[in-house]
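Inspection log for the structure reproduced underneath, given as structure tokens.
Just so we're clear, the structure is a prediction, and the values are computed from it rather than from any experiment.
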Amino acid sequence: MAQLIYGPTVIKDAGTGDKIISEFFGQVNTGTRDVSIAHMKSPAGWSEPGQRPDFDEYTVVLSGKLRVETLKGEMTIVAGQAVLAPKNEWVRYSTPEGAEYIAVCVPAFSPGTVHRDKG
């Protein structure tokens with residue numbers, strides 16, 4: 001049977017600014033472990049520690065610019081573009097100019113599986 005999701009749960013981010021993470025599907029809002037889907041609104045100047053997650057992360061940028069750093073280099077994803085960050089590969093996200101985007105994690109994001117850099 002189809003399940004109506006009345007709205008997201010807002011989750012605090014681990015970064016340097018006031019990024020708003022609105023989880024529609026995932027371990028917090030729906031108890032879903034197979035996938036998480038969240039709408040992100042990230043201010044200019046936001047960044048987070050690097051990470052080596054146990055999930056694939058698919059990101060679609062709706063507006064602004066998302067900077068993605070990997071061990072092989074850096075890229076800027078703009079509105080209308082997307083990026084896949086494969087599981088077990090190091091990645092760091094930031095939004096020097098601010099961005100709005102959708103992130104899909106398979107399996108679902110959890111603090112215990114993101115493996116953020118210390119310090």
Side-chain angles (χ1 to χ4, degrees):
M1 176 182 208
Q3 178 185 0
L4 172 61
I5 306 304
Y6 288 96
T9 296
V10 176
I11 300 170
K12 175 147 177 48
D13 81 292
T16 59
D18 294 325
K19 177 178 165 183
I20 299 170
I21 302 170
S22 300
E23 181 185 276
F24 284 88
F25 294 93
Q27 295 192 43
V28 174
N29 199 49
T30 59
T32 305
R33 294 183 180 272
D34 295 332
V35 64
S36 57
I37 301 174
H39 179 213
M40 315 286 200
K41 290 183 181 177
S42 183
W46 173 85
S47 66
E48 69 179 356
Q51 58 193 34
R52 193 178 291 272
D54 294 337
F55 49 80
D56 292 324
E57 186 163 4
Y58 303 83
T59 304
V60 178
V61 176
L62 304 173
S63 66
K65 297 178 182 177
L66 176 67
R67 178 182 294 153
V68 180
E69 299 172 63
T70 70
L71 294 178
K72 293 184 178 182
E74 181 179 301
M75 61 186 97
T76 300
I77 316 307
V78 299
Q81 295 180 328
V83 63
L84 165 61
K87 68 180 176 180
N88 301 320
E89 291 191 18
W90 185 87
V91 65
R92 178 173 31 217
Y93 299 100
S94 62
T95 55
E97 300 174 28
E100 185 175 351
Y101 53 99
I102 302 293
V104 177
C105 299
V106 179
F109 170 92
S110 79
T113 62
V114 71
H115 308 297
R116 288 192 177 97
D117 295 346
K118 293 180 176 34

I'd like to check the side-chain hydrogen bond (donor to acceptor under 3.5 Å, both in side chains) partners of [X]; sequence neighbours left out, ordered by chain and number.
X   : value
S36 : none
K19 : Y101
Q3  : none
T30 : T32

Return the set of residues passing ring-ring contact (aromatic ring centres under 6.0 Å, His included) with F55 (not counting sequence neighbours), or none when no residue passes.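 Counting only residues at least two positions away or on another chain, F55 forms a ring-ring contact (aromatic ring centres under 6.0 Å, His included) with F109.
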Are more than 12 heavy atoms from other residues, nucleotides or ligands located less than 6.0 Å from atom CZ of R33?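 Open: at most 12 neighbouring heavy atoms sit under 6.0 Å from CZ of R33.
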With a 4.5 Å cut-off on side-chain heavy-atom distances among I, L, V, M, F, W and Y, is there a chain of contacts connecting [X] to [Y]?
X   : Y    : value
V60 : M40  : no
L66 : V104 : no
F25 : Y58  : yes
V83 : V78  : no

Would you say the side chain of I77 lies within less than 4.5 Å of the side chain of T59, judging by non-hydrogen atoms?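 Not touching, per the 4.5 Å side-chain cut-off.
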Heavy-atom closest contact (E23 atom, Q27 atom, distance):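 Result for this residue pair: OE2-N, 3.7 Å.
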Taking all non-hydrogen atoms of both residues, which atom of P53 and which atom of E89 are closest, and how far apart?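 Smallest interatomic distance, heavy atoms only, reads CD-O, 3.9 Å.
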Using only atom types and a distance under 3.5 Å, with no angle test, would you say the side chain of S94 pairs donor to acceptor with the backbone of P96?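 Not confirmed, S94 side chain does not pair with P96 backbone.
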Given 3.5 Å as the limit, does a donor-acceptor pair link the side chain of T95 with the main chain of P43, or not?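 The answer is yes, because a donor-acceptor pair under 3.5 Å joins these two groups.
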ILVMFWY clustering at 4.5 Å (side-chain atoms), partners of L71: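 Members besides L71, by chain and number: W90.
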Show every donor-acceptor pair shorter than 3.5 Å between a side-chain atom in residues 9-17 and any protein atom, with sequence neighbours excluded, or say none if there are none.
residue: T9; atom: OG1; partner: N29; partner atom: OD1; Å: 2.4
residue: D13; atom: OD2; partner: G15; partner atom: N; Å: 2.6
residue: D13; atom: OD2; partner: W46; partner atom: NE1; Å: 2.7
residue: T16; atom: OG1; partner: S47; partner atom: N; Å: 3.0
residue: T16; atom: OG1; partner: S47; partner atom: O; Å: 3.3

Got a sec, which pairs hit salt bridge (Lys or Arg N to Asp or Glu O under 4.0 Å) with one end in residues 56-68, sequence neighbours left out?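 Found K65-E97, R67-E74.
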Measuring from atom CE of M75 to atom OG1 of T70, what distance do you get when rounded to the nearest 0.5 angstrom?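 Separation between the atoms: 5.5 Å.
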Output the distance between atom CG (D54) and atom CG (N88), rounded to the nearest 0.5 Å.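 It is 5.5 Å, given to the nearest 0.5 Å.
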Output all residues satisfying side chain to side chain contact (heavy atoms under 4.5 Å, CB included) with H39, sequence neighbours left out; order by chain, then residue number.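 If we apply the side chain to side chain contact (heavy atoms under 4.5 Å, CB included) test to H39, skipping adjacent residues, the hits are S22, F24, K41, L62, E100, I102.
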